[in-house]
Amino acid sequence: MTDGYGDCIERVASINRSRDRQPLAFVRTFGCQMNAHDSEKLEETLLRMGYGKAPSEDCADLALINTCCVRENAENRVFGNLGKLKELKGKKPDMLVAVCGCMMQEDAAVERIKKSYRHVDVVFGTFNLDRFPELLLSRMESGRQIIDIWKGPREDRGIPSGSLATARHFAHKASLSVMFGCDNHCSYCIVPYVRGAERSRPPEGIMEEARALADSGAKEVMLLGQNVNSYGKGLNLSFAELLERVCEIGGIERIRFMTSHPKDLGDDLIQVMKAQPKIARHLHLPVQSGSSRILSLMNRRYTKESYLNLVEKIKSSMPDIALTTDFIVGFPGETEEDFADTLDLAERCRFQGAFTFLYSKRTGTPAAKMPNQVDPEVAGERFKRLLACVNGIQEEANARTVGKVLKVLVEEPNAKNPELMTGRGHGNELVHFKADKSLAGQFVDVRITESKIFYLMGEALT
Ligand code: SAH
Ligand code: SF4
Ligand code: F3S
């Protein structure tokens, strides 16, 4: 491809310019930060093709849904959304509907769209974001449903999706992919099948993008990958070394990253985090279960004991670290005893935040074929108990911040009370406080005055 991307963007833009008004597009995103970041790229592509931003699907001329399939309820929400769009398109036949993302990498989902969702105009996957303009143009010219799914990355041809330009919601913070895909094959997880094998981006491209972000006003960057701790295979560079390089960029004042896999988190990362004040004192370190037996069935490649030791080491090096995690409840074969280990681990680690998920069977993964799938009622009851436990711990952790001063990057006015501004502390704490709107994008010292389960209230000191 010479520059099919730019060429097709110009051709769609020219069609859009010839309309009697500027068409509007709406992007709905399901799933994780990687998907949200892909959506930022697709939003920029839409702007370049001449679309304005629609506030919702209802007034959009083009609706794009970026899908997730990590759990069944994410998929159900996508099909619910597609059903609504079918109705909407019944009233506005000229509306275009495009669907992309992880779920489109599953044959069954695409078959269902072909059969029951004929109103969908364009379908593409996670490996060919840069083809969106070309596919949209084909749809505009042919009037047919266009489906283009690749089974793996082909970054040697065309523009690698890692380098597509990105629209940002906030000028002061930005995400940056350092790697794509995943090789871990946790036995429950669909991600390696829909995002492909692990590929690390060479540091030159990452540094170039990070410098450009700093030049355009980004003070905080979030480095993204499914398992950043295994960054750099074949590149002679570790993730800790990459972080050190990013720390050298002037203008970037805070660096976050996610996700860390406990099996690959080495001492070098702890040392770099400790030494570099720019790196946020926050680690998202998904544990999934507190039972070593279940962890082995999950193919996580660590035990309860080694996870606890790792947490101990991290906390003794950085006593002010904020630790967050993910749990899966009801994995096949999980007994009451296994679950008790999970509660015990949660109690001991005292996470500042935890996402709790009910195990969801994903066709094609090894866990889907495992015996002793847990009765949904039993799993639901355990889920409630774990949620109460982690929420209690989070509330307690938040209460300990009252009276402390946090360095907060101010984001935007509070949606419910416009007198308040909202921002994030180093540990990713959500903080609301009275301040002028002009402070958006600035770092402000905030004294915490009150704590709730999921957020903090404070007063600005500057
Ligand atoms: N790469 C990251 C997270 C990927 S998905 C990691 O390894 O931690 C985000 C979270 O979704 C996972 O941490 C896990 O808790 C959850 N998840 C993944 N597959 C799931 C499944 N089949 N059922 C329930 N939760 C799942
Ligand atoms: Fe899924 Fe495991 Fe990879 Fe995370 S590390 S994306 S849970 S396979
Ligand atoms: Fe979902 Fe894909 Fe992320 S399956 S969790 S959007 S990588």
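All heavy atoms count here, side chains included; hydrogens, waters and symmetry mates do not. In each ligand, atom 1 is the first atom listed, and ligand 1 is the first ligand listed.
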Euclidean distance, M95 CE relative to L24 CG, rounded to 0.5 Å: 10.5 Å

Ring-ring centroid check Y193 H185, cutoff 6.0 Å: yes

Proximity of C102 to ligand 3 by residue part, where a heavy atom lies under 4.0 Å: side chain

Closest contact, heavy atoms only, L386 versus A346: CD1-CB, 4.4 Å

Nearest non-hydrogen protein atom, atom 5 (S) of ligand 2: N184 ND2, 3.4 Å

Proximity of R195 to ligand 3 by residue part, where a heavy atom lies under 4.0 Å: side chain

Rounded distance [0.5 Å steps], CD1 in I206 versus CG in L242: 5.0 Å

Nearest neighbour in protein (non-hydrogen) for atom 22 (N) of ligand 1: S360 O, 2.8 Å

Donor on one side chain, acceptor on other, N398 and T401, under 3.5 Å: no

Ligand-side contact atoms (ligand 3) for residue partner N35, heavy atom cut-off under 4.0 Å: 6 (S)

Atoms in ligand 2 with a heavy atom of R300 nearer than 4.0 Å: 2 (Fe), 7 (S)

Heavy-atom proximity to atom 6 (S) of ligand 2, best of M298, H261, Q226, Q288: Q226

Region of M103 that comes within reach of ligand 3 [heavy atoms, distance under 4.0 Å]: neither

Contact with ligand 1 for T259, non-hydrogen, under 4.0 angstrom: yes

Distance (rounded to the nearest 0.5 Å) between R382 CZ and D375 CG: 9.5 Å

Non-hydrogen atom of R300 closer than 4.0 Å to ligand 1: yes

Atom 3 (Fe) of ligand 2 to nearest N/O/S of C182 less than 2.8 Å: yes

Cation-aromatic face contact R71/F357, 6.0 Å, 45 degrees: yes

For atom 7 (S) of ligand 2, closest protein heavy-atom neighbour: Y188 OH, 3.4 Å

Nearest-contact summary for atom 19 (N) of ligand 1 - protein heavy atom, Å: Y188 CD1, 3.3 Å

R362 contact mode with ligand 1 (heavy-atom cut-off under 4.0 Å): side chain

Atoms of ligand 2, numbered as shown, that sit under 4.0 Å from any heavy atom of P192: 8 (S)

For V191, the ligand 2 atoms whose distance to one of its heavy atoms is below 4.0 Å: 6 (S)

Residue part near ligand 1, for Q288, under 4.0 Å between non-hydrogen atoms: side chain

Test applied, side-chain hydrogen bond (donor to acceptor under 3.5 Å, both in side chains); reference residue, N184; option that passes from K263, E198, H261, Q226: K263

Protein heavy-atom partner closest to atom 2 (Fe) of ligand 2 - residue, atom, separation in Å: C186 SG, 2.3 Å

Per atom 25 (N) of ligand 1, closest listed option by heavy atom (R71, Q33, K263): R71

Residue E337 excluded, over 12 heavy atoms near CD under 6.0 Å: no

Nearest-0.5 Å distance, CZ of residue F331 to CG of residue N372: 11.0 Å

From the candidates C69, G31, C32, the one that places a heavy atom nearest atom 4 (S) of ligand 3: C69

Nearest-contact summary for atom 4 (C) of ligand 1 - protein heavy atom, Å: Q226 OE1, 3.5 Å

Mode of F357 contact toward ligand 1 - side chain, backbone, both, neither (heavy atoms, under 4.0 Å): side chain

For atom 1 (Fe) of ligand 3, the protein heavy atom that lies nearest, with its residue and separation: C68 SG, 2.4 Å

Within 45° cone and under 6.0 Å: R385 NZ/CZ vs F339 ring: no

Part of L358 with heavy atoms under 4.0 Å of ligand 1, whether side chain, backbone, both or neither: backbone

Per-atom contacts, ligand 2 versus C189 - under 4.0 Å to a heavy atom: 1 (Fe), 6 (S), 7 (S), 8 (S)

Partner of E220 under side-chain hydrogen bond (donor to acceptor under 3.5 Å, both in side chains), chosen from H172, K278, R254: R254

H185 neighbourhood, listing ligand 2 atoms whose heavy-atom distance to it stays under 4.0 Å: 8 (S)

Shortest protein heavy-atom distance from atom 7 (S) of ligand 3, along with the residue and atom involved: Q226 NE2, 3.4 Å

Ligand 1-proximal atoms of P286, by part, heavy-atom distance under 4.0 Å: side chain

Test item, V70 contacting ligand 1 (heavy atom, 4.0 angstrom): yes

Candidate with minimal heavy-atom separation from atom 10 (C) of ligand 1, of D326, I328, I190, T356: D326

